[in-house]
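The block underneath contains the structure these notes are about, expressed in structure tokens.
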Amino acid sequence: VTSLSAKLQVDKDNSNSSVVISRSGSNIPASTGVGSITFASHYNSAYTDYAAIQAYSNNLSSVRGSLDLKVKSTSGTLLTGMTLYGTSSGINVGIGTDTPSVKLTVTTPNVVNTAVNVLKLGDDTNGLVFKSYFDASGIAWRLNKGLAGINMVTLSQGGNVGIGNTNPSDYSADANNLVVGSLTGNN
């Protein structure tokens, strides 16, 4: 947005109002924009985009639609925060991906030795936090108590499970040096 030229108010007395943004012409191919709404504000003597809603035909088919919700990042660019993705069996939701393959897909960056908080249930101190952790051996999943709290369960890349242990070494549950389901163990 370089300038704002008009105000828009849609009001229909005693009835639902609607606004249609359409694209005319011939049939559109897959992965083609249909329309968007941009939310901008004046900042440092210029208009800057803070958020946008973008509709397009998705990459599965030109007759299936996608809707991206975008917000401004600290780098100043609009990033897609969530995608609603039409499929032949319904709608999938993507966070961190614009091509979700199941009903809810959350994709995190694979940055070595970095934990990403994926899902939090409850408050920051005592809630359950589901984390993905990427290290040299691959991705591990952890369930913690609180954002900075105690690791409760780890599922390693190789399928090992640790209870109170962030690096389970056996094929089954490793709970504080007692390996369940194995012939090894200290206790």
Side-chain angles (χ1 to χ4, degrees), residues 1-12 16-25 28-87 90-135 138-149:
V1 173
T2 57
S3 67
L4 296 179
S5 58
K7 294 181 181 178
L8 172 66
Q9 177 179 340
V10 177
D11 186 9
K12 190 170 183 182
N16 289 331
S17 297
S18 64
V19 174
V20 176
I21 298 174
S22 64
R23 177 187 171 123
S24 60
I28 63 173
S31 301
T32 302
V34 173
S36 64
I37 299 171
T38 301
F39 302 88
S41 182
H42 205 248
Y43 180 77
N44 284 342
S45 303
Y47 282 97
T48 185
D49 297 342
Y50 281 88
I53 302 170
Q54 183 177 22
Y56 55 96
S57 59
N58 68 36
N59 65 351
L60 290 177
S61 165
S62 61
V63 297
R64 293 190 182 125
S66 288
L67 186 70
D68 288 348
L69 303 177
K70 299 180 175 223
V71 294
K72 183 179 180 182
S73 68
T74 54
S75 67
T77 58
L78 288 179
L79 299 178
T80 301
M82 182 171 66
T83 297
L84 304 176
Y85 189 74
T87 69
I91 297 173
N92 294 345
V93 176
I95 299 173
T97 179
D98 59 3
T99 55
S101 57
V102 296
K103 290 296 180 194
L104 175 61
T105 302
V106 179
T107 303
T108 60
N110 292 334
V111 179
V112 175
N113 296 325
T114 302
V116 176
N117 297 325
V118 176
L119 175 66
K120 179 180 76 166
L121 303 172
D123 63 42
D124 288 352
T125 305
N126 295 310
L128 293 177
V129 179
F130 190 66
K131 295 182 174 205
S132 69
Y133 184 81
F134 185 76
D135 63 18
I139 296 176
W141 296 98
R142 294 182 180 163
L143 182 61
N144 283 20
K145 178 183 175 191
L147 289 175

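No hydrogens, no waters, no symmetry mates; every other heavy atom, side chains included, goes into these values.
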Q: Give a yes or no answer on whether the side chain of Thr97 reaches the backbone of Gly94 with a donor-acceptor pair at less than 3.5 Å.
A: no

Q. What's the shortest heavy-atom distance between Ser132 and Val118, and which atoms?
A. N-CG2, 3.9 Å

(Q) What's the separation between atom CD1 in Ile95 and atom OG1 in Thr80, rounded to the nearest 0.5 Å? (A) 12.0 Å

Q. For residues 104-132, which residue pairs qualify under ring pair (Phe, Tyr, Trp, His ring centres under 6.0 Å), counting only residues two or more places apart or in two chains?
A. Phe130-Trp141

**Q.** Check: Tyr85 main-chain N/O paired with Thr83 side-chain donor or acceptor under 3.5 Å
**A.** no

Q: Enter the distance from Ile53:CD1 to Thr38:OG1 here, rounded to the nearest 0.5 Å.
A: 9.0 Å

Q: Just jot down the side chain to side chain donor-acceptor pair (under 3.5 Å) partners of Ser41, sequence neighbours excluded, or say none.
A: none

Q. Closest heavy-atom contact between Ser66 and Gly86?
A. OG-N, 4.4 Å

Q | From CA spacing to verdict: side-chain contact (heavy atoms from CB on, under 4.5 Å), Val34, Ile21 | A | CA-CA 8 Å; Val34 173; Ile21 298 174; 6.0 Å; no

Q. Is there a donor-acceptor contact under 3.5 Å from the side chain of Lys131 to the main chain of Ala140?
A. no

**Q.** Qualifying residues under salt bridge (charged side-chain N to carboxylate O under 4.0 Å, His left out), relative to Lys103, sequence neighbours excluded
**A.** none

Q. side-chain contact (heavy atoms from CB on, under 4.5 Å) between Thr105 and Asn92: does it pass, once the steps are laid out?
A. CA-CA 8 Å; Thr105 302; Asn92 294 345; 5.8 Å; no

Q) Counting heavy atoms not belonging to Lys145, are there more than 12 under 6.0 Å from its NZ? A) no

Q. Checking side-chain contact (heavy atoms from CB on, under 4.5 Å) for the pair Lys72/Asp49: CA distance, chi angles, key distance, verdict?
A. CA-CA 7 Å; Lys72 183 179 180 182; Asp49 297 342; over 6 Å; no

Q: Any pair with a residue in residues 92-101 that passes salt bridge (charged side-chain N to carboxylate O under 4.0 Å, His left out), sequence neighbours left out, goes on the list, sorted by first then second residue, please.
A: none

Q.
Return the CG to CG distance between Asn126 and Leu121, rounded to the nearest 0.5 Å.
A. 13.0 Å

Q) How would you list, by chain and number, every residue that makes a side chain to side chain donor-acceptor pair (under 3.5 Å) with Ser57, sequence neighbours excluded? A) none

Q. Ser61 and Ala30: which non-hydrogen atoms are nearest, and at how many Å?
A. C-CB, 4.1 Å

Q. When Leu143 is tested against each of Val129, Leu128, Leu119 for side-chain contact (heavy atoms from CB on, under 4.5 Å), which residue passes?
A. Leu128

Q) What pair of heavy atoms forms the shortest contact from Ala52 to Leu78, and how long is it? A) CB-CD1, 4.0 Å

**Q.** Distance, nearest 0.5 Å, that separates CG of Leu69 from CG of Leu84
**A.** 6.0 Å

Q) Looking at Arg142 and Tyr133, what are the two nearest heavy atoms and their distance? A) NH2-CD2, 3.7 Å

Q: Quick one: list whatever passes side chain to side chain contact (heavy atoms under 4.5 Å, CB included) with Ser73, sequence neighbours left out.
A: Ser75, Thr77, Leu79

Q. Between Asp68 and Lys70, is there a donor-acceptor pair closer than 3.5 Å when you use the side chain of the first and the backbone of the second?
A. no

Q: Mind running side-chain contact (heavy atoms from CB on, under 4.5 Å) on Val71 and Phe39 for me, showing each step along the way?
A: CA-CA 9 Å; Val71 294; Phe39 302 88; over 6 Å; no

